[in-house]
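Protein chains get the first letters and strands the later ones, always in sequence-line order, with residue 1 at the start of each.
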There are 2 protein chains.
Amino acid sequence: MRSQKTQKRTSDALALVEALTGKSQEMADLVEQEQANLDIARKICELRTKAKLSQEELARKVGTTQSVISRLEDADYDGHSLQMLRRIAAALEKRVEIRFLPGPKLQPA
Amino acid sequence: MRSQKTQKRTSDALALVEALTGKSQEMADLVEQEQANLDIARKICELRTKAKLSQEELARKVGTTQSVISRLEDADYDGHSLQMLRRIAAALEKRVEIRFLPGPKLQPA
DNA sequence: GACAATTATCGCATGTTTGCGATAGAGTGA
DNA sequence: TCACTCTATCGCAAACATGCGATAATTGTC
């Protein structure tokens, strides 16, 4: 029964964030969390499509099902675990690196 | 755990960070080299001790208890979630960056 | 030794992610 | 149109992380 809420995925959310960043610093702070989620979702989607894999194919490599992959590529999903990220990375012959960078998104004043 | 969407514990840390703008870019490279290949537990412990905080003090900043911090700094514990990592990072005036690097485990000479 | 501060570990309740199937929507091609 | 592929979303059970207090264990100082 949905008519227009479909396909609102990482690409649309990316455009939204890109439009918001650069407007105001306050907005950027608010969007920070979503930006981080979006990065992960977009990275997974990019890596998967570059590997020419469908969600179901990647799911089989990872050892899960297609719906799980779709959930991970959802930009609004912020429940990522490092275990799952590493499983995804391993299936795509990558490794996950975690870095603690100084300051959340600071522009030099 | 509460959803990150409705959580606002990091607002004080964000406010602190806003006063520290200006020296993020140069420190990024140092942090990258120092922490590129360290384990998550060691990173957290290192950041905390460098900030001269006890586990209980960090726990209060993060919004949890000391035992949780101790668990996160346990090297055998690999069940980290990105939400918790971001909370830790925010309390330490840092941000978490996730990168997918090529190769399973490349050892720099 | 005694004392305080810090950290490690235990147990349990609660909340969240995962696993999985089922199904709907979107796109393509015949 | 139909058939097929791919993706999004729903619902539920199981597995897992967190929240929290309590309590050892460790470390340092006197």
Would a distance-only check, ignoring hydrogens and angles, find a side-chain to backbone donor-acceptor pair under 3.5 Å from R95(A) to L101(B)? no
Protein-nucleotide distance (Y77(B), atom OH; dG19(D), atom P), rounded to Å: 10 Å
Taking all atoms of both residues into account, what is the closest heavy-atom pair of L58(B) and A91(B), and its distance? CD1-CB, 3.9 Å
Do Q66(A) and E57(A) pair up side chain to side chain, a donor and an acceptor below 3.5 Å, judged on atom types alone? no
Got a second to check how far I44(B)'s CD1 is from L47(B)'s CG, nearest 0.5 Å? 8.0 Å
Shorter than 3.5 Å, N or O on both sides, protein versus nucleotides 27-30 of chain D: list them out with atom names.
none

Could you grab the distance from atom CG of L82(B) to atom CE of M84(B), nearest 0.5 Å is fine? 12.0 Å
Say whether, by atom type as modelled, one donor and one acceptor occur between the side chain of K61(A) and the main chain of I88(A) under 3.5 angstrom. no
For I40(B) and dA17(D), give me the distance from atom CD1 to atom P, rounded to whole Å. 14 Å
Value in whole Å for how far the C1' atom of dG19(D) lies from CZ of R60(B): 15 Å
Distance in angstrom units between I88(B) CD1 and dA17(D) P, rounded: 15 Å
Can you check the D78(A) CG to dT18(D) P distance for me, whole Å? 14 Å
Would you say dT16(C) has OP1 or OP2 under 4.0 Å from some side-chain N or O of S81(B)? no
Is R87(B) close enough to dG19(D) that one of its side-chain N or O atoms is under 4.0 Å from OP1 or OP2 there? yes
Please report the distance, rounded to the nearest Å, between CG in D76(A) and P in dA8(D). 12 Å
So if I take the C1' atoms of five pairs at each end of the helix from dG1(C)-dC30(D) to dA30(C)-dT1(D) and get each local axis, what angle do the two axes make, rounded to 10 degrees? 40°
Starting from P on dC16(D), measure out to CE on M84(A) and report it in whole angstrom. 12 Å
Of all the heavy-atom pairs spanning Y77(A) and L72(A), show the shortest one and how long it is. CE2-CD2, 4.0 Å
Would you mind reading off the distance between L58(A) atom CG and dT7(D) atom C1', rounded to a whole angstrom? 13 Å
Using a 4.5 Å cut-off on heavy atoms from C-beta on, say whether the side chain of L92(B) contacts that of L53(B). yes
Taking 4.0 Å as the cut-off, does a side-chain nitrogen or oxygen of T64(B) come that near to OP1 or OP2 on dT18(D)? no
If you measure from CZ on R60(B) to OG1 on T65(B), what distance do you get to the nearest 0.5 Å? 11.0 Å
Whether R99(B) side chain and E97(A) backbone form a donor-acceptor pair below 3.5 Å: no
What pairs of nitrogen or oxygen atoms, one from the protein and one from nucleotides 3-12 of chain C, lie under 3.5 Å apart?
unit_1 : atom_1 : unit_2 : atom_2 : d
dT7(C) : OP1    : R48(B) : NH1    : 3.1
dT7(C) : OP1    : R48(B) : NH2    : 3.4
dT7(C) : OP2    : Q55(B) : N      : 2.8
dA8(C) : OP2    : Q55(B) : NE2    : 2.6
dA8(C) : OP2    : S70(B) : OG     : 3.0
dA8(C) : N7     : Q66(B) : NE2    : 3.0
dA8(C) : N6     : Q66(B) : OE1    : 3.0

Can you tell if the side chain of Q55(A) reaches within under 4.5 Å of the side chain of E73(A), non-hydrogen atoms only? yes
